Amino acid sequence: MIKVTDLYKAFKGNEVLKGISLSVKKGETAVIIGPSGSGKTTFLRCLNLLEVPDAGTIQIGDLSMSFSGNHRHRTRDVTNFRKRTGMVFQGYHLFPHKTAVENVMEGPIVVQKQNKKEARERALALLEKVGLAEHAEKYPYQLSGGQEQRVGIARAMAMNPDVLLFDEPTSALDPELVGEVLNVMKDLAEEGMTMVVVTHEMAFAREVANQVIFMDGGKIIEKGTPEDIFDRSENERTNQFLNRIKVRV
Ligand SMILES: Nc1ncnc2c1ncn2[C@@H]1O[C@H](COP(=O)(O)OP(=O)(O)OP(=O)(O)O)[C@@H](O)[C@H]1O
Ligand SMILES: [Mg+2]
């Protein structure tokens, strides 16, 4: 489903991604771990073309884009490509003046020109799926952080992406709210959604990931099954990182 080949990205001469290559099969969940500043967010933003890579190729489904410093892609190609992925951020970025259901309907109506009734029905179904059927008419300020984040997931899914990207979706939440968001993600994984998740929730990674990717300094240091990375890694940097965050799950 996703194939990334030799991806590079620099900000004003500061190389942040230094040749990232990976593949994620349809229905797989890949979890990316790594220290702060290693380029995890930048990588996700490149997959969504919120950042334009300097070099490399990204293939999602049957769409492929190659990047080189001076070539500009057509807006239509970028838009089509972007539609393939849905992004869930650390903060929820909900519209404060819209209810939960209106937040979820917004993309399909504005971007996909769906009619309001259809969009609303589907939004309600998605809210039910993330356990928020009774909260559809509430405004973000009336929701807990965990509920807001689940609206964020429903909103990303409303656009029917092939791939969901999560950037530390639970790190802004109070500990007791983390589980409800991870459970929704677990359900999605079980239903066969293809997902790339940046997270420090190692227990989630162990249970749900088909593939764990350890990034450091803009490179993939190691990737493998959760067992390969958490139990059997002989890589010094991987082990240093895992010991530092003190989770051996
Ligand atoms: N828009 C930008 N302009 C300039 N530098 C940037 C930009 N975005 C990221 N960087 C730099 O790129 C490097 C990697 O940042 P990134 O946010 O991808 O790391 P990260 O692995 O997600 O870290 P964290 O775990 O703290 O979220 C950092 O040194 C950061 O300062
Ligand atoms: Mg980040």
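Here the structure is a predicted model, which means the values were calculated and not measured. Along the sequence shown, the residues carry numbers beginning at 1. Both counts, for ligands and for their atoms, begin at 1 and track the order of listing.
For the pair Arg155 and Glu106, the salt-bridge criterion is not met [side-chain N within less than 4.0 Å of a carboxylate O]. Using a cutoff of 4.0 Å between basic side-chain nitrogens and carboxylate oxygens, Lys129 and Glu191 are scored as salt-bridged. Arg232 has no carboxylate O lying under 4.0 Å from a charged side-chain N of Glu227, or vice versa, which leaves the two without a salt bridge. Asp77 and Arg82 are not joined by a salt bridge, as no carboxylate oxygen comes within less than 4.0 angstrom of a charged side-chain nitrogen. Taking the charged nitrogens against the carboxylate oxygens, Asp216 and Lys40 have no contact shorter than 4.0 Å, which rules out a salt bridge. Lys117 has a carboxylate O that lies under 4.0 Å from a charged side-chain N of Glu121, or vice versa, which qualifies the two as a salt bridge.
In this structure, Arg45 falls outside the shell of residues with a heavy atom less than 4.0 angstrom from ligand 1. Distances from ligand 1 to the non-hydrogen atoms of Gly37 include at least one value under 4.0 Å. Contact analysis leaves Gly218 out of contact with ligand 1, as no non-hydrogen atom separation drops below 4.0 angstrom.
The cationic atom of Lys83 (NZ for Lys, CZ for Arg) does not lie both less than 6.0 Å from the six-membered ring centre of Phe81 and within 45° of the ring axis.
No option in Ile58, Asp54, Thr57 other than Ile58 meets the side chain to side chain contact (heavy atoms under 4.5 Å, CB included) test with Phe67. When each of Leu165, Leu7, Val24, Val163 is tested with Leu47 by the rule side chain to side chain contact (heavy atoms under 4.5 Å, CB included), just one qualifies, namely Leu165. Results of the side chain to side chain contact (heavy atoms under 4.5 Å, CB included) test with Lys223 over Val31, Ile32, Ile213 single out Ile213 as the only residue that passes.
Between His93 and Phe89, the angle of the ring planes goes over 60°, which puts this pair in the perpendicular group of the 30/60° scheme.
Ligand 1 has a nitrogen or oxygen under 3.5 angstrom from a nitrogen or oxygen of Ser38. Ligand 1 has a nitrogen or oxygen under 3.5 angstrom from a nitrogen or oxygen of Lys40. Between Gly34 and ligand 1, no pair of N/O atoms sits closer than 3.5 Å.
Looking at atom 26 (O) of ligand 1, its nearest protein heavy atom turns out to be Ser36 OG, 2.6 Å. When only non-hydrogen protein atoms are considered, atom 11 (C) of ligand 1 lies nearest to Val16 CG2, 4.0 Å. Ranking protein heavy atoms by distance to atom 7 (C) of ligand 1, first place goes to Phe11 CE1, 3.4 Å. Summary of contacts: the protein heavy atom closest to atom 16 (P) of ligand 1 is Thr42 OG1, 3.6 Å. Taking atom 27 (O) of ligand 1 as the reference point, the nearest protein heavy-atom neighbour is Glu168 OE2, 3.7 Å. The protein atom (non-hydrogen) at minimum distance from atom 17 (O) of ligand 1 is Thr41 CB, 3.6 Å.
Residue contact annotation: Thr41 places an N/O/S atom under 2.8 Å from the Mg ion (ligand 2).
Looking at Lys12 against ligand 1, nothing comes within 4.0 Å, counting heavy atoms.
For ligand 1 and Pro35, the ligand atoms under 4.0 Å from any heavy atom of the residue are 21 (O).
Protein heavy atoms are found less than 4.0 angstrom from atom 23 (O) of ligand 1. Under the 4.0 angstrom criterion, atom 30 (C) of ligand 1 counts as lacking any protein heavy-atom contact.
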